[in-house]
Protein chains: 2
Amino acid sequence: MARKPAEQSVNRLDILLAAANVFRRKGYHGAKMSDIAAEVDLTAGSLYHHFPDGKQQILIEVLNEGLDQITAEVQAVVDDNTLMPDEKLRKVIYTNILGLTQNTSVAAALVFETRTILENPEARKAYLKRRDSFEQLYTQVIQEGIDAGIFRQVDVPIFTKTILGAHNWVGVWYREGGRLTGEQIADEMSNTFLAALSPIGVPTAKN
Amino acid sequence: MARKPAEQSVNRLDILLAAANVFRRKGYHGAKMSDIAAEVDLTAGSLYHHFPDGKQQILIEVLNEGLDQITAEVQAVVDDNTLMPDEKLRKVIYTNILGLTQNTSVAAALVFETRTILENPEARKAYLKRRDSFEQLYTQVIQEGIDAGIFRQVDVPIFTKTILGAHNWVGVWYREGGRLTGEQIADEMSNTFLAALSPIGVPTAKN
DNA sequence: GGTATAATTAAATCACGATTTGATTATTTT
DNA sequence: AAAATAATCAAATCGTGATTTAATTATACC
């Protein structure tokens, strides 16, 4: 039954990537089906052969695939029990940022287009669940470090959102061929957050 | 000539605020002129009396006003020469975050809708200039601290974007009436970045 | 080679939403 | 209370863009 797909025809993944590119340039609502189609040398109507449920479904799959992939990469680090909390967090941040710089279109979609998917009641719940799981990876690692006395006592949810906000933004401003490589940026940012968690030298709030 | 505006009629600022609210809920492209109008008890057509140039002009003014206001608040702190670099940065961060939590609709627009304005060639240049000036406020304060030997030697542009990314994200997730007040969040986050700049306890990169 | 299925297209359809237009009502000025 | 101007509305207009449809071409399977 399941016949081998033809070699030259486009597949779902091609289309998702193309869509992510167009979304980055114009945003979801600004992206015409014909724009996405053109990106893979098709006509607008042809997309409905691959995605019968249309434009919104394409967005949903871009975000789900994108989030799942980055989650898997980070999860692998979290599951590595040979790492101390500080090394682990450093590697988590590094992995996360490198992932974003390697696929900026999807990274940007995860920042800018999530809101759109959240308006869809069915997709909403599933997506929020995924996103919470992802966020959990960070809270978990940070909490472990605090419990182990390696990190100072921060407000874990806020610190997590601080990291994630900084990360998200990388997907927006990073451009290949810029002053720094993805690796250098990932290094610098993991240094920053590790320093922020260092238990010594905590400044006292003056406000 | 300039007659006093009628007491009950809506003014431009009402409309800009209303638009920001709708933009937050639906995004610029998802926001109908009738949605914005309804928010101030008008019909879609009436908006053209106040904004002859239409929807995009409304967005442009929302972003310009919003950015100008937050810039002014931060600038005032930067100009205070009685502050040491670390106190100054703390206060800058605090002020910035508090500003965002106090007007989340505009804050969200500054994150999500900037891309739209950048597609408009005329508005683009002016807006980028404003945004650069704003970013400069941070790079300047951070650099001063490094030069004074109070901060460790970070990559200033990256550190700035790290801070700004974290800030931007506050405007997205913060909700009034949540676990923490805007002040508490501002405190926590300024602690984080001040700690990150602390010259002692710098962890060595292991990647 | 013939048949079933997949991939694609060109040309409708169809709704929606920004903007325009031509009144109508309110307010201010004198 | 006119006259002028501002604010508003209801009802067109008008283009655009997602989706549908019916046909055409390509590929896989036997």
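Naming: A, B, ... by sequence-line order, numbering from 1 per chain.
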What N/O pairs connect the protein and nucleotides 9-11 of chain C at under 3.5 Å? Give each pair on its own line.
unit_1: C/dT9; atom_1: OP2; unit_2: A/Thr43; atom_2: N; d: 2.8
unit_1: C/dT9; atom_1: OP2; unit_2: A/Thr43; atom_2: OG1; d: 3.2
unit_1: C/dT9; atom_1: OP2; unit_2: A/Ser46; atom_2: OG; d: 2.6

So, OP1 or OP2 of C/dA7: does either fall under 4.0 Å of a side-chain N or O from A/His49? yes
If we count only N and O atoms by modelled type, under 3.5 Å, do the side chains of A/Asp132 and A/Gln136 hold a donor and an acceptor together? no
Hydrogens and angles aside, do A/Tyr138 and A/Asn96 bring a side-chain donor and acceptor to less than 3.5 Å of each other? yes
Distance-only polar pair, side chains of B/Ser198 and B/Arg152, donor-acceptor under 3.5 Å: no
Pairwise distance CG(B/Asp155) to CG(A/Asp187) - rounded to 0.5 angstrom: 11.5 Å
In whole angstrom, give the distance that lies between atom OH of A/Tyr48 and atom P of C/dC14. 15 Å
Should A/Thr160 and A/Pro157 count as side-chain neighbours, where that means a heavy-atom distance under 4.5 Å? no
Sorted by number, residues from residues 29-37 of chain B placing a heavy atom under 4.0 Å from DNA chain C are B/Ala31, B/Lys32, B/Met33
Whole Å only: how far is the CG atom of B/Asn11 from the P atom of D/dA6? 16 Å
Protein-nucleotide distance (A/Arg12, atom CZ; C/dA6, atom C1'), rounded to Å: 14 Å
Does one side chain, of B/Arg24 or B/Thr104, offer a donor that lies under 3.5 Å from an acceptor on the other? yes
Please report the distance, rounded to the nearest Å, between CD in B/Gln57 and P in C/dA18. 16 Å
Residue A/His50, side-chain atoms from C-beta onward, closest of C/dA7, C/dA18, D/dT19: C/dA7
A/Arg115 NZ/CZ over B/Phe112 ring centroid, <6.0 Å and within 45° of normal: yes
Rounded distance (Å) that lies between atom P of C/dC16 and atom NZ of B/Lys55: 15 Å
Residues 27-37 of chain A, side-chain donor-acceptor partners within the protein, below 3.5 Å, at least two apart:
unit_1: A/Tyr28; atom_1: OH; unit_2: A/Gln56; atom_2: N; d: 3.2
unit_1: A/Asp35; atom_1: OD2; unit_2: A/Lys32; atom_2: N; d: 3.0

